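A quick note: this is a predicted structure, and the numbers were derived from the prediction, not measured. This chain uses plain numbering: 1 for the first residue, then up along the sequence.
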Amino acid sequence: MEMPVPDASILARKDQIVAGLRQILPDDAVISDPNETRAYECDGLAAYRCPPLAAVLPSTTQEVVDVLKFCKAQGLPVVPRGSGTSLAGGALPTADSIIVGVARLNDVLETDYANRVIRVQTGRTNLSVTGAVEDHDFFYAPDPSSQLACAIAGNIAMNSGGAHCLKYGVTTNNLLGVTLVTMDGEVVELGGAHLDAPGYDLLGVLCGSEGQLGIVTEASLRILRKPEGARPVLMGFDSNEVAGACVSDIIKAGVLPVAIEFMDRPCIRACEAFVHAGYPDVEALLIVEVEGSEAEIKEQLDKITAIARTHNPVELRESASSDESALIWKGRKAAFGAMGQINDYMCLDGTIPVSQLPFVLRRIEELSKEFGLDVANVFHAGDGNMHPLILFDANKPGDLEICEALGAEILKLCVEVGGCLTGEHGVGIEKRDLMLTQYTEGDIAAQMAVKDVFDPQWLLNPAKVFPLATTETRRAAA
């Protein structure tokens, strides 16, 4: 993956730049030793690495303001970073850039149960938002698999979803307001604790903008009452295609589970060995969860299991206890880590119409054989958010390039059937050169015009989202 050539004049001024940052922040908030900046050289897309010039860890919005003003005056590229769990290279630095991490911005600022709102600093982890309100029987709905580690800032940048987004939506559906610091050092408040805001939907523009428009330091999030009860059911099938058809039929029937998750045999076996969740050894597994009162759960599961039986499941089993339910979900949440124990992989996240699941799963299997690399599947089937894991050997010359080529074909397939390049991981560097597969040049130009307004010098998160040649031309012109 090509990266821009670093600015030699910036590299030559490293000592001066670091000294300037130390005048703004405490010493322990500025990291410049090459042995220490190596910790920031990549994110979850670890195939690509580049240590930054330096990294800073501000603790307040004002410190973020001061850092961005300094970086703009010095012409320094800035890479915003949450917890570094991005799977699309969204937080990959350039050699001449300053990482601005939000890890120390982790406080709960306000909790309003009457209006179902919590305001937090955005370095706070996703799961800890629920942790702050669960004693009052509330929870925060978006639940990416990395929720134990991922930061709210990164969730907002990539518009993250999770297993339960089928019913509750993704980050944009649960984000009410933000405090944004622009590259000029201006503090902008968008949205708030109310349901909707007047004027242009700038909050909608910001959510999913991948750190291209500013750094979000605070966020108002919608919190919800915990459901009365919830229960998952395991459905095992003898092929991926049949499992995909079952998902399509459940959605077509008008039933709305809280989640429908898909796993194929390689992923099932890896998760079972890792967690011992009690998964059946089948070709394809669906985890379908419903929630509500006991009567509501029974009614929904009766309809769902009736649909499943028309597809001749190898196994159909309801969870019998809360402990079993927790273990079922622990296995699913551990999928990426479990697969990482046995193989290098690249995780995609193209999204497709649910009705296309059987065809796309069959076509992915054909492409896997054509390129000679295995593909494991684990994804949010209910909303068609695919997560094919392409297995490759990082130590084998040429394997990464084959993996990239296969990934490109799978993502093009998603677009061809009416879907899109990304559901929740973002474009980052992984998909930037595929953007013209989905968008026209006019579409790209319109998106870049928005960035021109917020970041006219194109210093924020360089080399991401847009085709590299296009962004480098824009930066040179700025």
Side-chain angles (χ1 to χ4, degrees), residues 87 143-147 162-164 166 231-250 257-289 304-305 307-309 311-321 323-349 354 357-358 360-369 373-392 410:
L87 292 168
D143 61 337
S145 294
S146 58
Q147 67 180 151
H164 291 84
L166 177 60
R231 187 175 307 146
V233 56
L234 297 178
M235 302 176 179
F237 298 93
D238 56 13
S239 78
N240 289 356
E241 194 172 349
V242 173
C246 182
V247 172
S248 182
D249 285 350
I250 290 171
V258 68
I260 305 179
E261 295 294 292
F262 179 105
M263 303 169 74
D264 66 7
R265 186 184 288 277
C267 197
I268 295 166
R269 287 182 168 175
C271 291
E272 184 61 21
F274 194 57
V275 173
H276 306 294
Y279 294 154
D281 190 15
V282 292
E283 288 298 324
L285 177 67
L286 298 180
I287 304 172
V288 184
E289 183 169 85
I304 289 168
T305 54
I307 293 169
R309 288 191 179 96
H311 294 275
N312 301 313
V314 177
E315 183 160 345
L316 188 58
R317 170 164 47 98
E318 289 184 28
S319 170
S321 68
D323 286 345
E324 184 179 358
S325 297
L327 199 55
I328 286 170
W329 281 113
K330 184 178 180 181
R332 168 59 185 90
K333 293 287 186 179
F336 291 171
M339 290 300 299
Q341 278 203 324
I342 61 175
N343 222 105
D344 300 310
Y345 67 80
M346 186 173 291
C347 177
L348 310 179
D349 78 314
V354 175
L357 273 172
V360 170
L361 286 167
R362 182 172 69 250
R363 184 68 186 122
I364 287 175
E365 188 174 350
E366 293 169 353
L367 288 168
S368 170
K369 292 176 181 177
L373 292 179
D374 290 334
V375 177
N377 288 286
V378 52
F379 56 88
H380 312 312
D383 63 342
N385 189 185
M386 308 286 289
H387 288 323
L389 308 180
I390 305 175
L391 311 183
F392 72 102
I410 292 174

State, to 0.1 Å, how close Val378 and His387 come at their nearest heavy-atom pair, and which atoms those are.
-> O-CB, 2.6 Å
CG (Leu348) and CG (Leu87) are apart, to the nearest 0.5 Å, by 10.0 Å
Quick one: closest heavy-atom pair of Ile390 and Leu373, and the distance?
-> CG2-CD1, 4.0 Å
Could you state the interatomic distance from CG (Asn343) to CZ (Phe392), rounded to the nearest 0.5 Å?
-> 8.5 Å
Should Arg362 and Glu365 be marked as a salt bridge (charged side-chain N to carboxylate O under 4.0 Å, His left out) after you check the CA-CA gap, both sets of side-chain angles, and the distance that decides it?
-> CA-CA 5 Å; Arg362 182 172 69 250; Glu365 188 174 350; over 6 Å; no
Closest heavy-atom contact between Cys246 and Met235?
-> SG-SD, 4.3 Å
Please tell me if the side chains of Met386 and Ile410 come closer than 4.5 Å, counting only heavy atoms from C-beta onward.
-> no
Under 4.5 Å between any side-chain heavy atoms of Cys267 and Met339, yes or no?
-> yes
Interatomic distance, CG@Leu361 vs CZ@Phe262, rounded to 0.5 Å, equals 5.0 Å
If the plane angle is over 60° it's perpendicular, under 30° parallel, otherwise tilted; pick one for Phe237 and His311.
-> perpendicular
Cationic N near anionic O, under 4.0 Å, Glu324 to Arg317 | yes
What is the distance from atom CD1 of Ile304 to atom CD1 of Ile260, rounded to the nearest 0.5 Å?
-> 6.5 Å
Minimum side-chain heavy-atom gap Arg265-Asn240 below 4.5 Å = no
Okay, side chain of Tyr345, backbone of Pro388: is any donor-acceptor separation there less than 3.5 Å?
-> no
Under 3.5 Å: donor-acceptor pair, side chain of Lys333, backbone of Gln147 | no
Quick one: pull up CE in Met346 and CG in Leu391 and give me the separation to the nearest 0.5 Å.
-> 11.5 Å
If you take all heavy atoms of Met263 and Ile268, which pair is closest and at what distance?
-> O-CD1, 3.6 Å
State, with a plain yes or no, whether a side-chain heavy atom of Pro257 is found less than 4.5 Å away from one of Ile250.
-> yes
CD-SG distance between Gln341 and Cys271, expressed to the nearest 0.5 angstrom = 10.5 Å
Nearest heavy-atom contact between Phe336 and Cys347 is CZ-SG, 3.6 Å
Report yes or no: does Asn377 contribute a side-chain atom to a donor-acceptor pair with the main-chain N or O of Asp264 at less than 3.5 Å?
-> no
State plainly whether the residues Glu272 and Arg269 are in salt-bridge range, i.e. N to O under 4.0 Å.
-> no
Applying side-chain contact (heavy atoms from CB on, under 4.5 Å), run through His380 and Glu261 and close with a yes or a no.
-> CA-CA 5 Å; His380 312 312; Glu261 295 294 292; 2.9 Å; yes
Under 3.5 Å, side chain of Tyr279 to main-chain N/O of Arg332, donor-acceptor pair present?
-> yes
Please work out which of the three classes, parallel, tilted or perpendicular, describes the rings of Trp329 and His164, given edges at 30° and 60°.
-> tilted
Taking Ser319 for the side chain and Val233 for the main chain, is one N or O donor matched with an acceptor at less than 3.5 Å?
-> no
Report yes if the side chains of Phe379 and Asn385 come closer than 4.5 Å at any heavy-atom pair, otherwise no.
-> no
Within a strict 4.5 Å, meaning less than it, do heavy atoms of the Leu234 and Glu315 side chains meet?
-> no
What heavy-atom pair brings Ala259 and Ala163 nearest, and what distance separates the two atoms?
-> CB-O, 3.1 Å
